[in-house]
Amino acid sequence: MNNYIFQSTLSRKNLMAVTGLFLCFFLVIHLLGNLQLLLPANEANASFNSYSALLSGNIFIRLISYVLYFSLIAHAGDALIITLRNRKTAVKYVYDDRKQVSKWYSRNMGVLGTIILVFLVIHFKDFWYVYKFGSLPYDRNGNKDLYVIVVSAFESWWYVVLYVISMLAVGYHLLHGVKSAVRTLGLYHPRYVKYVQLIGTIYSYVITFGFCIIPVYVHLSQFGL
Amino acid sequence: MKVHLKVWRQKDAKSKGSMVNYDLDNVDQHMSFLEMMDTLNEQLTLKGEMPVEFDHDCREGICGTCGMMINGQAHGPVPGLTVCQLHMREFKEGDTIYVEPFRAMAFPLKRDLKIDRSAFDRIIQSGGFITANTGMPAEANNLLIVHETAESAFDSAACIGCGACVATCKNSSAALFTSAKISHLAKLPQGEQEAAKRVLKMVSKMDEEGFGHCSNTEACEVKCPQGISVLNIARMNWEFNKASLLH
Ligand code: HEM
Ligand code: FES
């Protein structure tokens with residue numbers, strides 16, 4: 001092993017890809033938890049709260065959460081370094097039509113990432129911080145009642161709209177991110193390319209659709225729909 | 001046919017350039033883009049003005065010397081062509097055509113549309129070779145190579161180093177070029193021996209020359225006149241990761 005591994009443009013992107021893929025894995029766990037919000041209100045309440053308690057109590061999950069915080073910070077930090085260098089090497093044409101030959105979201109990962117970052121700050125403040133450090137009521141089973149916090153947030157339509165827009169940003173970020181990460185790591189075999197792309201695309205649609213449907217459903221159910 | 005040209009004119013590396021307008025009345029549809037530029041230059045010479053300088057050599061699409069941005073796209077609007085293979089029939093009567101040099105931090109401009117692409121040469125010099133005794137050519141079939149492998153190495157070797165991949169990349173990344181050179185040699189038994197050393201050297205040279213990161217937008221593959229696949233980039237990343245972990 002030598003210093004190439006830390007210094008080159010390729011290794012910098014490795015960090016981005018590894019942390020990005022870890023975040024992708026985490027999104028699956030997060031979505032599975034959130035899907036409980038689609039249960040009938042009574043069940044959803046108990047099940048969501050006990051799931052949250054389970055996660056925050058478990059030492060193994062706690063370790064994973066440190067990996068998660070590290071991944072987020074490293075990913076965003078690395079994104080900043082990479083985007084700055086890309087700014088530096090970028091050039092200007094009087095007439096520039098290069099956009100014809102690539103997807104807009106592949107060229108704007110930094111913008112999409114920034115939207116995600118802003119969303120994450122709000123998200124952490126409203127739910128994570130409140131759960132960890134705020135004073136929460138307890139539910140029937142003696143678990144902190146995160147459910148009421150979530151449901152009351154989703155009662156306002158603008159919160160739902162912000163949430164959905166952020167999830168679309170996540171969706172486009174993933175649509176390019178997953179296959180890009182696999183390629184960055186060099187795990188791209190000619191025979192499996194098609195499948196990697198397909199899995200990446202299906203994954204992005206499932207995650208985006210899953211996270212979008214929940215706030216909309218919770219919002220509509222306050223009207224008894 | 002008639003065309004209006006807006007061409008980047010710049011006296012030398014240091015001076016400030018700008019777009020200059022030219023009108024051409026007698027353009028034939030069957031002319032190549034470079035023949036059209038020749039026509040312009042003849043007119044300029046007759047008027048006693050400096051002709052527009054641009055790079056070209058074979059005019060057969062095989063040498064990789066030509067290259068310019070035409071209406072904001074590397075080598076013009078048709079994918080898979082070099083400028084010398086682009087013909088005026090792709091344009092319409094009265095079209096306005098913007099002609100600019102390939103731009104990149106690592107490709108300093110010399111004059112008008114002429115750029116210095118020696119950064120590519122230096123990347124190759126840093127490791128794009130095999131350290132073999134160059135005696136008499138060996139019997140080609142002494143070394144048995146599976147047909148598919150030979151074909152695949154040949155596909156990578158098809159890169160003519162024109163620089164369109166860099167010019168079309170939003171980050172001016174040379175990933176497609178460098179990876180084609182790396183894969184070409186890594187795929188063959190002759191090149192395998194030095195694969196690790198080669199990839200580390202060529203990648204760090206690529207960085208040093210001031211090319212950007214690869215964001216995997218795949219614009220390079222679309223604009224490559226030789227259809228070099230982005231899978232070469234995956235191969236380079238794989239070779240690089242393997243080498244930097246194990247060597
Ligand atoms: C849930 C959160 C996130 C997930 C799952 C995620 C996932 C990914 C993945 C898998 C990649 C591909 C890596 C590669 O190209 O090799 C990526 C790239 C990228 N991410 Fe994220 N990301 C997240 C959040 C963020 C945030 C908060 C930022 C910015 C502050 C960001 C900025 C970027 C940028 C700029 C790239 C592309 C770099 C390039 O041009 O190649 N991401 N992300
Ligand atoms: S002049 Fe040789 S490829 Fe165009």
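Chain letters run A, B, ... following the sequence lines, proteins first and then strands; every chain starts at 1.
- By the 6.0 Å contact criterion, OH on A:Tyr172 is open, its count of non-hydrogen atoms from other residues, nucleotides or ligands being 12 or less.
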task = Show the numbers, then the answer: is there a side chain to side chain contact (heavy atoms under 4.5 Å, CB included) between B:Asn216 and A:Lys179?
result = CA-CA 9 Å; B:Asn216 294 319; A:Lys179 71 170 188 185; over 6 Å; no
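- Contact of B:Ala167 with chain A is made through backbone and side chain together, with heavy-atom distances under 4.5 Å.
- Looking only at side-chain heavy atoms (C-beta outward), A:Val101 and B:Gln73 come within less than 4.5 Å of each other.
- Contact annotation: the side chain of B:Glu218 never approaches that of A:Lys103 to less than 4.5 Å [non-hydrogen atoms, C-beta and beyond].
- Across all their heavy atoms, A:Thr89 and B:Gly210 have their closest contact at CG2-O, 3.5 Å.
- Looking at every heavy atom in both residues, A:Tyr95 comes nearest to B:Tyr98 through CD1-CD1, 3.0 Å.
- Between A:Arg87 and B:Asn171, every side-chain heavy-atom pair lies at or beyond the 4.5 Å cut-off.
- Listed here is the closest heavy atom pair of B:Met105 and A:Lys88: SD-O, 3.5 Å.
- Summarising the geometry of B:Ala219 relative to A:Ser102, their closest heavy-atom pair is CB-CB, 4.1 Å, with the distance given to 0.1 Å.
- Other residues, nucleotides and ligands contribute over 12 non-hydrogen atoms within 6.0 Å of the CD atom of B:Glu90.
- With a 4.5 angstrom heavy-atom cutoff, B:Pro101 touches chain A only via backbone atoms.
- Taking a 6.0 Å sphere around CZ of B:Phe129, one finds it holds more than 12 heavy atoms contributed by other residues, nucleotides or ligands.
- Rounding to the nearest 0.5 Å gives a distance of 12.5 Å between CG of A:Asp97 and CD1 of B:Ile70.
- No more than 12 heavy atoms of other residues, nucleotides or ligands shown are found within 6.0 angstrom of CH2 on A:Trp157.
- Ranking B:Lys242, B:Arg235, B:Met19 against chain A, the residue ahead of the rest is B:Met19, based on heavy-atom pairs under 4.5 Å.
- Going from atom OG of B:Ser215 over to atom CD1 of A:Ile82 covers 7.5 Å, rounded to the nearest 0.5 Å.
- Looking at B:Cys220, there are no atoms closer than 4.5 Å to chain A (heavy atoms on both sides), in backbone or side chain.
- Listed here is the closest heavy atom pair of B:Trp238 and A:Leu187: CZ3-CD2, 4.0 Å.
- Note that CH2 of B:Trp8 and OH of A:Tyr93 are 11.5 Å apart. Values are rounded to the nearest 0.5 Å.
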Q: Determine, step by step, whether B:Asp207 and A:Thr9 satisfy the side-chain hydrogen bond (donor to acceptor under 3.5 Å, both in side chains) criterion, reporting the C-alpha distance in whole Å, the side-chain angles of both residues, the deciding distance to 0.1 Å, and the verdict.
A: CA-CA 7 Å; B:Asp207 290 350; A:Thr9 51; 2.7 Å; yes
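- Contacts between A:Arg85 and chain B at a heavy-atom distance below 4.5 Å involve the side chain alone, from C-beta outward.
- Both the backbone and the side chain of B:Arg103 come within less than 4.5 Å of a heavy atom of chain A.
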Going through the distances and angles, do B:Glu100 and A:Lys92 end up as a salt bridge (Lys or Arg N to Asp or Glu O under 4.0 Å)?
CA-CA 11 Å; B:Glu100 295 173 73; A:Lys92 271 214 168 63; over 6 Å; no
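- By the neighbour-count criterion of 12 heavy atoms within 6.0 Å, atom OH of A:Tyr195 is sparsely surrounded, having that number or fewer from other residues, nucleotides or ligands.
- Of the residues B:Asn237, B:Ile233, B:Asn241, the one that meets the side-chain contact (heavy atoms from CB on, under 4.5 Å) test with A:Leu10 is B:Asn237.
- Under a 3.5 Å cut-off, the side chain of B:His213 and the backbone N or O of A:Thr83 do not form any donor-acceptor pair.
- Counting heavy atoms of neighbouring residues, nucleotides and ligands inside a 6.0 Å radius, atom CZ of A:Phe25 does not exceed 12 of them.
- Taking both residues in full, the closest heavy atoms of B:Thr217 and A:Arg107 are given as CG2-CG, 4.1 Å, listed atom of the first, atom of the second, then distance.
- Listed for the A:Lys13 side chain is a donor-acceptor partner under 3.5 Å among the backbone atoms of B:Cys214.
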